[in-house]
Enquirer: 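Dropping the structure in here first, questions after.
As the structure is a prediction and not an experimental result, all values here were calculated from the model. Residues: numbered from 1 along the sequence shown.
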Amino acid sequence: MSDVLIFGGTTEGREIATYCDKLKIDTILCVATEYGKEVLPEFKTVKVSNKRLGTEEIAKLIKENNISCVIDSTHPYAYDISKNIESALKLLEKDITFFKIKRESMDVSLEDVLEFSSNFDAVNYLLNTEGNILLTTGSKEISAFSELSNRIFPRVLPSIDSINACISAGVPSKNIIAMQGPFSMALNEAIIKEFDCKYLVSKLSGRSGGFEEKIEAAKNTGCIPVIIMPKTEITGISVDDCKFNLKNIYSKQG
């Protein structure tokens, strides 16, 4: 049996799972990939699963483990899994504490960036431009950029799945940048200069996703930021608030 169920191999997910481990709270941490499991620290009271779950599977996991608290710390653009989590909670009759994590707000100015509501709109714009493109939106949706395959330099996680996704999208092997982030402003600048990138494509990924460092690096090098905006307003609580709540709920177990 476990008390807490965390979704997200994100920086926030790892931090909250580490805190649960410190408090000796029986926890299950769900990540999306095998790579997401590999980069985690060793836990004592946290079990890790890298199985992708649908709505009914999530509900079953909660019921079978008698979960009392569910935490959604997935990526802000992971709409499907967040929807599945909320739908699963509605299927269950018992009251379960639920926290949705919101990434820290950013101080960076978005005045000099190009904003688009979807990958499709961004691609249509970029098709009418020239120059190399540093693509930092991840490998999951890289197929949307296949028409730009010879111009894009996708920066993705160093996993077989990520690299295969790039190759399937027609990206030349020499263009693939396989690295674990987040990245400093200096490293972003170096990559932009090395591959002579005129555009940088990013999601509004938040402070923990290294968004500020990407934007500042782009501005410092004259590279034009192209931002894919979220479909919905991102709401929730901070990691610190989540930790505070967890301590109040489960302190007696420590």
Enquirer: So, do Ile133 and Leu126 sit near enough that their side-chain heavy atoms are less than 4.5 Å apart?
Expert: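 Ile133 reaches Leu126 side chain to side chain.
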Enquirer: Count the heavy atoms belonging to other residues, nucleotides or ligands that lie under 6.0 Å from NZ of Lys243, then report whether that count exceeds 12.
Expert: yes
Enquirer: Look at the rings of Phe195 and Phe153 and say which category their plane angle falls in: under 30° parallel, 30 to 60° tilted, over 60° perpendicular.
Expert: tilted
Enquirer: Do we see a donor-acceptor contact under 3.5 Å between the side chains of Asn188 and Glu213?
Expert: no
Enquirer: Is there side-chain contact between Asn50 and Thr33, with at least one heavy-atom pair below 4.5 Å?
Expert: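 Result no, sub-4.5 Å side-chain heavy-atom pair not found.
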Enquirer: Quick one: list whatever passes side-chain contact (heavy atoms from CB on, under 4.5 Å) with Pro230, sequence neighbours left out.
Expert: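 Partners of Pro230 by the side-chain contact (heavy atoms from CB on, under 4.5 Å) criterion, ordered by chain and then number, come out as Tyr77, Tyr79, Leu204, Ile234.
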Enquirer: Does a donor on one side chain sit under 3.5 Å from an acceptor on the other, for Lys214 and Thr136?
Expert: yes
Enquirer: Side chains of Ser87 and Thr55: do they bring a donor and an acceptor to under 3.5 Å?
Expert: no
Enquirer: Does the side chain of Val123 come within less than 4.5 Å of Leu148's, by heavy atoms?
Expert: yes
Enquirer: So, using side-chain hydrogen bond (donor to acceptor under 3.5 Å, both in side chains) as the criterion, who are the partners of Ser118 when residues are at least two apart?
Expert: Asp121
Enquirer: With heavy-atom distances below 4.5 Å as the criterion, would you say the side chains of Phe99 and Cys69 are in contact?
Expert: yes
Enquirer: Any heavy-atom pair between the side chains of Ile28 and Asn65 that's under 4.5 Å?
Expert: yes
Enquirer: Answer whether the closest heavy-atom distance between the side chains of Leu134 and Ile177 falls below 4.5 Å.
Expert: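 Yes. Closest side-chain heavy atoms under 4.5 Å.
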Enquirer: Which residue, Asp3, Thr27, Val4, forms the side chain to side chain contact (heavy atoms under 4.5 Å, CB included) with Leu246?
Expert: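 Checked Asp3, Thr27, Val4 against Leu246; only one passes side chain to side chain contact (heavy atoms under 4.5 Å, CB included): Val4.
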Enquirer: Are the side chain of Asn128 and the backbone N or O of Asn124 linked by a donor-acceptor pair below 3.5 Å?
Expert: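 Checked: pair present.
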Enquirer: Charged N to carboxylate O under 4.0 angstrom, Lys100 versus Asp72?
Expert: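 Yes, charged N to carboxylate O under 4.0 Å.
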Enquirer: Give every residue pair that meets the salt bridge (Lys or Arg N to Asp or Glu O under 4.0 Å) criterion with at least one member in residues 52-62, sequence neighbours excluded.
Expert: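 Checked against salt bridge (Lys or Arg N to Asp or Glu O under 4.0 Å) - neighbours excluded - the pairs reaching residues 52-62 are Lys51-Glu57, Lys60-Glu64.
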Enquirer: With sequence neighbours excluded, what pairs up with Ser238 under the side-chain hydrogen bond (donor to acceptor under 3.5 Å, both in side chains) test?
Expert: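 By the side-chain hydrogen bond (donor to acceptor under 3.5 Å, both in side chains) rule, Ser238 matches Asp241.
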Enquirer: Kindly say whether Ala169 contributes a backbone atom to a donor-acceptor pair with the side chain of Ser143 at under 3.5 angstrom?
Expert: no
Enquirer: Using side-chain heavy atoms (C-beta onward) and a distance below 4.5 Å, is Ile67 in contact with Leu61?
Expert: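 The answer is no; the side chains never approach within 4.5 Å.
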Enquirer: Checking the side chain of Asn175 only, and the main-chain atoms of Ile152 only, is there a donor and an acceptor separated by less than 3.5 Å?
Expert: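 Checked: pair present.
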Enquirer: Are there more than 12 heavy atoms of other residues, nucleotides or ligands under 6.0 Å from atom CZ of Phe244?
Expert: no
Enquirer: May I ask you to test the Val171-Asn150 pair for a side-chain heavy-atom distance under 4.5 Å?
Expert: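 Result no, sub-4.5 Å side-chain heavy-atom pair not found.
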Enquirer: Can you run down the salt bridge (Lys or Arg N to Asp or Glu O under 4.0 Å) pairs that involve residues 142-167, sequence neighbours left out, and say none if there aren't any?
Expert: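 Residue pairs with at least one partner in residues 142-167: there are none.
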Enquirer: Between the side chains of Ser149 and Ser146, is a donor N or O closer than 3.5 angstrom to an acceptor N or O?
Expert: no
Enquirer: Between Arg103 and Glu12, is the closest basic N to carboxylate O distance under 4.0 Å?
Expert: yes
Enquirer: Going by the salt bridge (Lys or Arg N to Asp or Glu O under 4.0 Å) test, which pairs reach into residues 186-195, not counting sequence neighbours?
Expert: none
